[in-house]
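Below: the structure, in C-alpha cells.
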Amino acid sequence: TIPPSVTEIGKAAFAYCTSLKTITIPSSVTSIKASVFQGCFSLQRIEIPSSVTEIGESAFSQCLSLTKIEIPQSITIIDKLVFNKCKNLRKVNIPSTVTSIKDGAFQSCKSLTDNSFIIPNSVTSIGDVAFGKCKSLKHFSIPSSVTSIGDGIFQKCVSLTQVEIPSSITSIGKCSFSKCRSLSQISIPLSVKSIGKYAFNECISLQKIMIPPSITIIEDGTFHKCYELKLVLIPNGVTSIGNLAFSCCKKLEQIMIPYYVTNIGQCAFEFCSIKEITIPPFVNKIKKGTFGSCSSLTNISIPSSVIFIGD
C-alpha cells in the first residue's frame with residue numbers, strides 16, 4: 001500500500017518486482033510515471049484512482065498476469081507502450097475523455113478480443129503499431145473522429161477479418177495491415193489519399209481491392225504476397241506503381257494499368273498469373289523482373305516509348 005502522502009510515483013519505481021500481485025494507489029496520487037510497473041509479471045489487479053491525470057509510457061508493459069484495467073476519466077492520453085505485452089489483458093475500459101492512443105499502446109496484447117474494449121469517438125489519433133500483434137482481434141471499428149491510420153497499426157493481427165474504416169480517414173500508413181492473414185475483404189473510403197508501403201503485405205486471404213480515385217501512387221510492396229487477390233481496380237489517376245507492388249499475387253489473372261502511368265517498379269507483377277498486359281505510352285523503362293515468372297503471360301503490348309527492358 002502506497003501512503004496517502006505520495007502524489008507522484010516515479011519512473012520505474014516498481015519495475016520488475018516480479019512477485020508483486022496487488023497494489024493500492026491512494027487518491028493523493030496524480031501522476032504515474034514511465035515504466036512504474038513494467039515487468040511486474042505477477043501483478044493481477046490494480047485500481048487507478050480518478051485523481052491520476054498522467055500515466056507514463058510503458059507504465060504497465062509486460063504485466064503478464066493483468067487481466068483487466070479501468071482507465072479513469074481523468075486520463076486524456078494513453079501513452080506509448082503503456083500496456084505493451086500484457087498478454088492476458090482481456091478487458092479495458094477506455095473513457096470518453098481519451099483523445100489519443102499513442103504508439104504501441106496495446107501492442108502484443110494477445111488476449112484482447114472484439115468485446116474487450118470500445119474506442120470512444122473522442123479519440124482523434126491512434127499511433128503506430130497501437131494494436132500490432134493483437135492476435136485475438138477479429139473485428140475493429142475505427143471511430144469517425146480519427147483522420148489517419150498509423151504505420152503498422154494492425155500489423156500481424158492474424159485473426160482480423162473485418163475493419164470498418166470511416167470516411168474521415170485520409171491516409172493509411174505503411175505496413176498498417178501487413179500479415180493480417182485472415183483479412184478477406186476491406187473497403188477503403190474515397191477520402192483516402194495515400195496508402196503506405198507494404199500496407200497490405202501478406203494479407204493472404206484478401207480477394208479483391210478497389211483503390212480509391214484519389215490515389216496517385218501505389219507504393220512498394222502494397223499488395224505483396226496477397227496470394228488470393230483476384231480483382232484489383234486501379235484508378236485512372238495513378239501515375240506510379242512501386243517495386244513489388246503486386247508481386248506474388250498468384251491468382252491475379254488480369255489487370256489494367258492506367259494510361260498515365262509513367263513508372264512500373266522492379267518485380268511489380270512478379271509471379272502473377274496475368275495472361276496479357278498493355279504497357280501505357282508514357283512508360284520508358286520495363287525494369288528488372290517487372291513481369292518475372294509470369295508463366296501465364298502470352299501477350300504483352302510494348303509502346304514505342306520504351307527504351308529499356310531489364311533482366
Side-chain angles (χ1 to χ4, degrees), residues 161-163 165 172 176-190 192-311:
T161 60
Q162 183 179 350
V163 179
I165 304 176
I172 296 174
S176 47
F177 298 94
S178 180
K179 299 183 180 179
C180 290
R181 294 173 175 245
S182 300
L183 191 66
S184 59
Q185 59 181 5
I186 191 165
S187 179
I188 303 174
L190 300 177
V192 172
K193 294 179 172 60
S194 66
I195 301 172
K197 294 179 180 180
Y198 293 90
F200 297 94
N201 170 56
E202 288 190 46
C203 288
I204 61 174
S205 299
L206 191 64
Q207 297 180 21
K208 62 179 180 179
I209 197 79
M210 292 182 66
I211 301 169
S214 49
I215 297 294
T216 58
I217 297 173
I218 299 175
E219 299 281 3
D220 295 352
T222 302
F223 301 100
H224 178 235
K225 292 186 177 179
C226 291
Y227 297 138
E228 296 294 319
L229 191 61
K230 297 176 182 177
L231 176 64
V232 178
L233 295 179
I234 302 176
N236 291 332
V238 168
T239 59
S240 178
I241 298 173
N243 301 335
L244 298 166
F246 296 95
S247 175
C248 297
C249 293
K250 295 182 179 181
K251 292 193 175 180
L252 189 62
E253 294 184 356
Q254 57 182 353
I255 195 162
M256 182 176 290
I257 301 174
Y259 185 80
Y260 292 106
V261 166
T262 59
N263 173 67
I264 303 174
Q266 292 185 13
C267 305
F269 296 96
E270 182 185 41
F271 290 106
C272 289
S273 296
I274 297 169
K275 295 178 180 179
E276 58 180 298
I277 198 81
T278 298
I279 307 295
F282 299 101
V283 173
N284 56 34
K285 292 182 180 180
I286 298 176
K287 297 178 182 178
K288 181 179 179 180
T290 299
F291 300 100
S293 299
C294 290
S295 56
S296 299
L297 188 61
T298 57
N299 185 26
I300 183 167
S301 177
I302 302 174
S304 59
S305 59
V306 172
I307 58 172
F308 174 83
I309 297 177
D311 297 342

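Keep in mind that what you see is a predicted model, and the values were worked out from it rather than measured.
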Reported CE-to-OG1 distance for the pair M256 and T278, which is rounded to 0.5 angstrom:
8.0 Å
Nearest-0.5 Å distance, CG of residue N236 to OH of residue Y259:
12.0 Å
To the nearest 0.5 Å, how far apart are CD1 in I277 and CG in L297?
7.5 Å
Hey, is the main chain of P281 close enough, under 3.5 Å, to the side chain of S305 for a donor-acceptor pair?
yes
For E270, which residues count as a salt bridge (charged side-chain N to carboxylate O under 4.0 Å, His left out) partner, sequence neighbours excluded?
none
To the nearest 0.5 Å, what is the distance between CD1 on I279 and CD1 on I300?
4.5 Å
Which donor-acceptor pairs under 3.5 Å do the side chains of residues 193-200 make with protein atoms, sequence neighbours left out?
none

Would you list the atom pairs, donor with acceptor, under 3.5 Å between side chains in residues 216-227 and any protein atom, with sequence neighbours excluded?
| residue | atom | partner | partner atom | Å |
| --- | --- | --- | --- | --- |
| D220 | OD1 | N243 | N | 2.9 |
| T222 | OG1 | E219 | N | 3.3 |
| T222 | OG1 | E219 | O | 2.7 |
| H224 | ND1 | N201 | OD1 | 3.0 |

Does the side chain of I209 come within less than 4.5 Å of I186's, by heavy atoms?
yes
Closest heavy-atom pair and its distance - V261, N263:
CG1-O, 3.4 Å
Looking at C267, C272, S273, which one forms a side chain to side chain contact (heavy atoms under 4.5 Å, CB included) with F269?
C272
Would you check if L190 and S214 make a side-chain contact, meaning some heavy-atom pair closer than 4.5 Å?
no
Passing candidate, side chain to side chain contact (heavy atoms under 4.5 Å, CB included) with I307, options N284, I286, V283:
N284
Could you go through the side chain to side chain contact (heavy atoms under 4.5 Å, CB included) check for V232 and I211 one step at a time?
CA-CA 8 Å; V232 178; I211 301 169; 4.2 Å; yes
Determine all donor-acceptor pairs shorter than 3.5 Å in which one atom belongs to a side chain in residues 288-296; sequence neighbours excluded.
| residue | atom | partner | partner atom | Å |
| --- | --- | --- | --- | --- |
| T290 | OG1 | G265 | O | 3.4 |
| T290 | OG1 | K287 | N | 3.2 |
| T290 | OG1 | K287 | O | 2.8 |

Could you give the distance from CD1 (I204) to OG (S182), rounded to the nearest 0.5 Å?
7.5 Å
Exceeds 12 heavy-atom contacts within 6.0 angstrom, atom CG of N299:
yes
So ring pair (Phe, Tyr, Trp, His ring centres under 6.0 Å) across residues 292-311, not counting sequence neighbours, yields none
Between atom NZ of K230 and atom CD of E228, what is the distance when rounded to the nearest 0.5 Å?
6.5 Å
Minimum-distance pair of heavy atoms, taken over all atoms of P258 and P235:
CG-O, 3.2 Å
With sequence neighbours excluded, what pairs up with E276 under the salt bridge (charged side-chain N to carboxylate O under 4.0 Å, His left out) test?
none
If you draw a 6.0 Å radius around OH in Y260, do more than 12 non-hydrogen atoms from other residues or ligands fall strictly inside?
no
Of all heavy-atom pairs linking P303 and P280, the shortest is CG-O, 3.3 Å
Report, as yes or no, whether the 6.0 Å neighbourhood of atom CD on Q185 holds more than 12 heavy atoms from other residues, nucleotides or ligands.
no
Test side chain to side chain contact (heavy atoms under 4.5 Å, CB included) on I309 and I302 and set out the steps.
CA-CA 10 Å; I309 297 177; I302 302 174; 4.2 Å; yes
